[in-house]
Each structure stands twice: as structure tokens, then as C-alpha cells.
Amino acid sequence: MSKPQVLVACVVFPEVLDALRGHFEVQAIAEGEVWHQQDFVQRLAGKQGAFITGAHRIDAQALAAAPELKIVANMSVGYNNLDVAAMAAAGVVGTNTPDVLTETTADFGFALLMAAARRMLEAEKFLRAGRWQRWRYDMFAGRDVHGSTLGILGMGRIGQALAQRGAWGFGMEVLYHNRHRLDARTEDLCKARYVGMHELLAESDHLVLVLPYTPQAHHIIGAPELARMKPTATLVNIGRGGLVDEDALAQALADGRLAAAGLDVFEGEPRVNPALLALPNVVLSPHIASATVPTRLAMARLAADNLISFFAGSGALTPVN
Ligand code: DGY
């Protein structure tokens, strides 16, 4: 029996690629190659499976080009790049990589929060530029993290891991807003209090966005929401770029209506809004919140195992539809 044809549209660990090659006829992107969406869609034709990241979309056009497609393994927990309804209608299973990246991503969210609140990158640039001449009481004086109020918008697994870090590690008061309120036991574990959106915005000293991106969540933080936040507050986004109106954010940061931001995700990534690039009080990183070697390996293995299990007839391990 011939092996299923699988498209691997991102560079992956060699051992994971080898494992895929053991089970499938693989067409894989080469190191240094870039497949724009059109290139990706063309290569998807004739494939039964695909291993992708958020860089590629499975939409009506991609599905129409690949009538043999049965499963798409997305190597990320967020799956806003998958048109889940269209995939279900076409009988295509989508999978993501939940759980394996929760703690690593929460660590990075905290790192961004601390770097932004404590002005670490501004200070580092200043030092490297040879501008440090003397100690000054107000040099890069930032905002405290310990004992402050941590707001979390989106209280899934990563939100809860952030809450535990804040509450237990840093003595923070934790407020959260979510589509659904957590059960009392989970709220206790996270020492987190459910509040409405208005209270979350008004009371948070540091607000972290970690909710999934959906059309309803588009620009959930825009000019009106930023205006409700404290001028001393920090905004951190480790969800998806489209959650924030970046022009409004840049304006608020430039006008001193918001103290700082830490952003790992961008609306047009890998392009970054030039207004953000021009600001000193933003810490920027290239979508690396889950990027540690063990976690990326676990994500890649889970995505591969989804394909292997599915084609072996045992079903997908972590389906989203
Ligand atoms: C995720 O897993 O959703 C991360 O953002 C990486 O894409």
C-alpha cells in the first residue's frame, strides 16, 4: 500500500522530519525557502496530510485546491489560521498542540511583563551605547511587579499558569476576565478574582492578553480600552497581534497614556508596525513565547504524532474540530 502524501510547510527538527518520512511520502520545505500562501496552496494539491504553523492558512481556497486532504496538524496551540468550519464541511480534521507549551509560554509572558515594567531593554541599550556615566536615583526607574495587580484577559491554560506565577511567586492580586468564569477550585488555585472588562482595564497594573484570536476579539484592546487603563500600566500581548489596535497602542505609549508594552505577536507579522518600532517603551520579540528547545520539540512531536495516529486509524490526538 502506498504511503499517504504529507506536506511539511515549516522547517522542523530533523528527528521529527525523519519520523514523518518513516510513515509518509513527505514533501518538505527546505531550509531558507519561503512559501507564501499561494506557493503553499499549490503544493497542498494532492496531499492527504499537512504539517503547518500559523504562517499558513487553511481556508476555502486551500481546501478547494486539495480535495484529498484529510488532516492538518498545526504546530501551535492557537489555530486562528484554520477555518475550522470550512474544514469540518470538507471533512478535514485540524489539530493543535495544547498543554505542551503552557508553562513555557507563561514564563515568557512574565519575562515580557518584567522587562517592560522594569525598562530592562531601554537600560540595556543605554549601557551598550556607552552612555552610562553615573548612578542616578531616577535612572530607568520603572514600575513594581511584586505586590501589584495583574490582569489577565483570557483565562485558559496559559492564563492560569500566569496567574499562579503572579499570585504565588510575586504576591500579586490577580484579576481576570474570560468568556466563562472558572470554577471555584481553579479560582482558588490561581488566587484569581473574576471581574468585568471595565474593572479589569481600570484596576490592572499589568494586563496580559492571552485569549484566542477570533473575529469577535479583533482589536479587543483599542483606543477606548487603552483610555480606561492606568497611565502607569503595562500591556503585554502573547496571544495574537490582531487582539490589539497597534496604531492606538503606539499613540497611547507615545502620549504617556500607557507606561509600557511587551509584545510577542503582531497584526501583520513578520512585519512590525513602524510606529511601535520607533518607541523606546515597548519590548518587542518575534513570536517566541513558546520557543525553548524542549517545548518546541514537544510541539513538533505532538503535531507529527497527530498525523501518525490519524493515518494509522487511531484518530487524531488533539483535534480542534
Ligand atoms: C501558539 O502555539 O499558538 C504560539 O503562538 C505559536 O504559534
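The figures here come from the full heavy-atom set of this structure, side chains too, leaving out hydrogens, waters and symmetry mates. Just so you know, ligand 1 is whichever comes first in the structure, and atom 1 is the first atom listed for that ligand.
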Peer 1: Would a distance-only check, ignoring hydrogens and angles, find a side-chain to backbone donor-acceptor pair under 3.5 Å from Asp245 to Asp247?
Peer 2: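 Yes, the answer is positive, given that a donor and an acceptor are paired below the 3.5 Å cut-off.
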Peer 1: Can you confirm, on distance only, whether ligand 1 has an N/O atom lying under 3.5 Å from any N/O atom belonging to His287?
Peer 2: yes
Peer 1: Under 4.0 Å, heavy-atom basis, I'd like to know which part of Leu101 is in contact with ligand 1: side chain, backbone, both or neither.
Peer 2: side chain
Peer 1: Taking N or O atoms only and a 3.5 Å limit, does Gly78 qualify as a polar contact for ligand 1?
Peer 2: yes
Peer 1: With a 3.5 Å distance limit and no angle check, can you tell me whether Tyr176 reaches the backbone of Cys190 through a side-chain donor-acceptor pair?
Peer 2: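 Looks like no, no N/O pair under 3.5 Å.
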Peer 1: Is there a donor-acceptor pair closer than 3.5 Å between any side-chain N or O of Thr104 and the backbone N or O of Leu101?
Peer 2: no
Peer 1: Backbone or side chain, does any N or O of Arg240 fall under 3.5 Å from an N or O of ligand 1?
Peer 2: yes
Peer 1: Between the side chains of Asn306 and Thr318, does any donor sit under 3.5 Å from an acceptor?
Peer 2: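 Distance-only check passes for Asn306 and Thr318.
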Peer 1: How far is atom 2 (O) of ligand 1 from the closest protein heavy atom, and which atom is that?
Peer 2: Val77 N, 2.7 Å
Peer 1: Do Val236 and Phe108 have side-chain heavy atoms sitting under 4.5 Å apart?
Peer 2: no
